[in-house]
Amino acid sequence: MEPTAQDLEVERGAFRVDVCGHQFSVPTDQAEAADVEQFLARQLQPANARLRAQAAAAAEAGVAAIGALAHGQPTQPAAAMARLRRTRRRVSTALEAAEAPRLNEAAPMFEEEEWGPAAAGGIVRVGMEAVVGAMRSGRALGVECSDVVDGVLSFQVGAGSSAVLGVAACAGADVETPFASGVMESVVAAKNRHARRNPDVRHSWVVLLAPGRVRVCLAEFDAMHVSAVQKTTDRAGRALLAAVAAHAAFSEPWRLGSDPSMQWRPDIDRWEIECPDSDGASRVVYARRDPVFAADSFFGRFTRCFLVALGTDDEKFDYVLKDSWQLVGTGLADGELRDEVGVMRGMHAALGAAECDAGVLQRLLCGGTVRVGGAPDSTRLVLGAELDAYARWTVAHGAKRSTPTHRLHRRMVSGPVGVALHELRSERDAVAAVAGAMLTYAVILERTGVLHRDISLGNVLAVRGADGAVRGMLIDFDHAVPADDERNVKRPGHVGTAPFMSTANLEGLDVARTPADDWEAALALLLCLAARPSHRDALCARLASVGPTGVAEFRRDVFASRRSLDAAIDAFADPACAHALRLIRALHRAIFAHPSCAGTARRMLRGSRLVDPIVRRVQYAAVIHERCVAAVNEYLASTQSEALAAMMVLPKPQHSSSFSSLGSGSTATIQPPSKAGYPLQHPLLAVAFPAANGLSVLRNKRKAQRDVEASPRVKRRKMTHDDVGFAPINFAHPPPPPLDSGADSSTVVGDTHSSVSYTTAVPRYVPGTPLALVPRSPANFDALRVVEPPVVSSPKRRKLF
């Protein structure tokens with residue numbers, strides 16, 4: 001849509017651009033342009049009075065230097081730059097004579113002439129160096145320019161998180177209407193690149209340049225506040241450009257956008273981060289240089305996570321530091337905040353030392369509001385109380401649009417450290433982590449009554465214990481609230497990650513969110529986890545889609561019945577994900593097969609009354625929650641039984657024989673058995689199991705062929721135990737220990753899944769003990785034949801089956 005004349009007029013004055021992620025717009029509720037100009041001019045100064053006076057004097061020198069360059073008289077700024085460089089670098093006076101010809105290149109920057117893309121970099125670099133050099137004192141600042149992209153040149157004055165960013169428009173771009181011409185898109189991209197390189201940034205100042213034009217922009221987490229356009233041929237434009245240079249040279253780093261509570265220590269090659277706590281004290285932790293997670297956009301909460309250690313020489317990074325800018329209501333005290341830190345502190349007090357067998361509880365070490373100069377770090381400190389008082393495009397969840405809100409800098413340290421589900425090598429471990437995390441959620445809900453409301457693929461981690469078992473851990477309680485909280489009952493809204501939202505959450509139904517919504521989110525998580533890699537993105541997009549009428553038709557169709565779920569599984573899921581599919585069907589039966597609110601299809605009753613099972617499900621949320629917990633427990637019990645049965649199936653020891661495993665290509669070397677007891681055998685026919693089932697069936701073909709040749713008339717001879725042997729497959733992690741350990745051991749090496757080797761003790765079979773077998777692959781049912789274990793009648797003679 002083409003901008004109107006009124007829109008263009010708004011852009012020429014001081015205005016605000018609301019930014020949400022990578023999208024931005026010009027709101028209609030703009031502040032007075034004169035007020036925005038006044039607020040920006042106030043923030044464009046050092047906080048210290050002495051530094052403010054020095055910056056004002058330097059700005060006057062910069063105005064004179066720009067005027068001299070604009071009139072083709074580079075001698076004055078050249079002399080100032082030479083004196084400055086002689087003071088800092090002890091350069092000879094001959095530099096003064098050499099600077100004047102070079103500064104002639106910057107004259108087009110202050111004139112109303114078009115720049116060519118090829119010459120833009122040199123013009124801007126020399127011009128900004130001349131303006132900064134005219135300050136005569138202050139910190140040394142360098143100017144770096146990048147390539148011209150879409151007619152816009154990006155540059156930077158200074159280094160680190162306190163640098164002043166800039167974009168220079170050339171080749172048709174215009175800073176008079178930056179939103180309509182696309183210049184603001186380049187500003188957003190430059191700010192995001194700067195934030196990715198500098199995780200300690202809080203906000204940034206941006207200079208917008210064009211031939212004979214200049215503007216200043218303050219980029220914060222929800223908006224960019226842009227000053228009115230000024231001409232560099234006038235004193236007002238020169239003063240604005242000189243004020244930015246003086247601000248960069250004299251202001252405090254935190255005033256320029258750097259975080260003083262986060263310092264880089266090159267001597268130990270770590271970040272030194274100060275984390276606050278509830279008692280007003282703070283704790284210092286040490287983090288690696290790059291965060292393990294960083295939001296892809298600066299605008300919003302700008303969440304970053306670091307692996308941290310508690311000491312400078314500690315090599316174990318056992319904790320995670322989370323730093324974000326939370327949207328809170330204005331006027332709330334630190335103890336009244338109900339964000340993730342507050343929820344975690346309440347959970348810690350309620351749960352105490354409680355644990356979950358299948359899951360891990362995230363523990364809070366410290367957390368609170370970051371302070372700068374004794375004051376809470378917030379957008380009110382960045383913008384000033386006057387500019388921050390204007391309405392934002394978003395409000396805190398559960399608050400009314402008229403409620404004043406601002407961003408508060410919050411930080412927390414918690415443990416233990418988990419790994420993402422996609423980093424696990426086994427699908428069974430990933431499903432076990434999800435099941436354990438949901439059982440942990442059940443413990444939290446029972447003890448504290450808190451709903452998570454953002455169960456997604458990134459918020460479930462796996463933690464491997466000392467025994468090698470994988471447990472699930474639920475993280476990111478940013479959206480967690482008590483079930484009876486007003487924000488959840490009266491204004492639930494849209495909360496969470498779109499592909500994993502429940503149907504009521506995705507459609508924004510005006511009903512309270514319940515544990516059933518979190519269990520439905522876990523069901524969607526498992527469905528995306530079991531999807532084929534080539535179909536996963538398409539499935540996530542369709543699960544997050546909402547039709548023109550506000551109905552999530554695809555999601556309702558998938559969960560409508562068991563038959564529709566099976567159709568979706570056939571279309572998107574990987575058949576090899578047997579564990580995920582089993583739990584998906586069990587949770588679907590628990591959530592959507594309740595007799596009083598079955599399915600998802602809306603029904604018309606007598607009297608034109610429309611009944612929605614999703615809305616009706618709120619009344620039976622407690623029962624559905626119990627059904628889901630029972631389904632997860634049943635799944636975990638069945639998998640443990642299968643693991644136990646698999647551990648009872650071990651190879652018969654052979655005398656120093658080596659053989660290749662069918663289907664896996666691994667080689668096992670078996671030590672001779674001891675004389676005590678008879679080794680346990682598996683009474684199955686010779687079937688080559690896949691390596692993923694954990695077993696590889698081996699057949700002694702030589703002996704079988706010899707027996708058949710000796711008895712040619714017995715065509716259906718039953719196999720003996722010498723005909724069949726088993727070798728365990730070596731996965732990335734060893735299986736749990738066997739029930740009864742014997743003296744024999746087997747070592748498996750050269751597995752295709754992992755190079756890790758382990759030793760497993762062979763259990764002993766006591767004759768006469770019945771053996772219960774649970775086949776691991778349903779596809780092999782027809783090929784399996786279960787028989788009784790052998791009976792040893794004498795040392796020389798063995799009875800056949």
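Counting from 1, the numbers follow the sequence of the chain as shown. Keep in mind it's a predicted model, so treat the numbers as computed, not measured. Computed over heavy atoms, backbone and side chain alike; hydrogens, waters and symmetry mates excluded.
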Taking the basic N atoms (NZ, or NE/NH1/NH2) and the acidic carboxylate oxygens, is any pair closer than 4.0 Å for Asp277 and Arg283? no
Polar side-chain atom of Thr379 near backbone of Arg407 as donor-acceptor pair, under 3.5 Å: yes
For Ser204, all residues meeting side chain to side chain contact (heavy atoms under 4.5 Å, CB included), sequence neighbours excluded: Leu165, Lys191, His194, Val201
Output all residues satisfying salt bridge (Lys or Arg N to Asp or Glu O under 4.0 Å) with Arg265, sequence neighbours left out; order by chain, then residue number. Asp267, Glu272
By salt bridge (Lys or Arg N to Asp or Glu O under 4.0 Å) - contacts of Asp518 (at least two apart): none
Can you check whether Leu587 reaches Tyr635 side chain to side chain, under 4.5 Å on heavy atoms? no
Pair Asp377 + Arg410, salt bridge at N-O below 4.0 Å: no
Heavy atoms of other groups near Glu274 CD, more than 12 under 6.0 Å: no
Quick check, are the ring centers of Phe221 and Trp325 under 6.0 angstrom apart? yes
Within the distance-only criterion (no hydrogens, no angle test), does the side chain of Arg428 pair as donor or acceptor with the backbone N or O of Thr639 below 3.5 angstrom? yes
Is NZ or CZ of Arg289 both nearer than 6.0 Å to the six-membered ring centre of Trp264 and within 45° of the ring axis? yes
Please check: side-chain N/O of Glu427 versus main-chain N/O of Ala580, any donor-acceptor pairing under 3.5 Å? yes
Is it true that the NZ or CZ of Arg288 lies under 6.0 Å from the centre of Phe317's six-membered ring and within 45 degrees of the ring axis? yes
Spacing of Ile624 atom CD1 and Ile591 atom CD1 [to the nearest 0.5 Å]: 7.5 Å
Can we say Arg304 and Asp323 salt-bridge, meaning some charged N sits less than 4.0 Å from an Asp/Glu carboxylate O? yes
Partners passing side-chain hydrogen bond (donor to acceptor under 3.5 Å, both in side chains) against Asp476 (at least two apart in sequence or in another chain): Lys322
Residues two or more places apart in sequence or in another chain: which of them pass ring pair (Phe, Tyr, Trp, His ring centres under 6.0 Å) with His247? Trp205
Exam field: side chain Asn505 to backbone Met501, donor-acceptor pair closer than 3.5 Å: no
Indicate yes or no for a side-chain donor-acceptor contact from Asn192 to the backbone of Ser297 under 3.5 Å, with no hydrogens or angles considered. no
Spell out, as yes or no, whether a donor-acceptor pair under 3.5 Å connects the side chain of Asp517 to the backbone of Thr514. yes
So Ile444 and Phe477, do their side chains get closer than 4.5 Å, heavy atoms only? yes
Checking Arg380 side chain against His406 main chain: does a donor-acceptor pair fall under 3.5 Å? no
Under-4.0 Å salt bridge between Glu220 and Arg16: no
How would you list, by chain and number, every residue that makes a salt bridge (Lys or Arg N to Asp or Glu O under 4.0 Å) with Arg255, sequence neighbours excluded? none
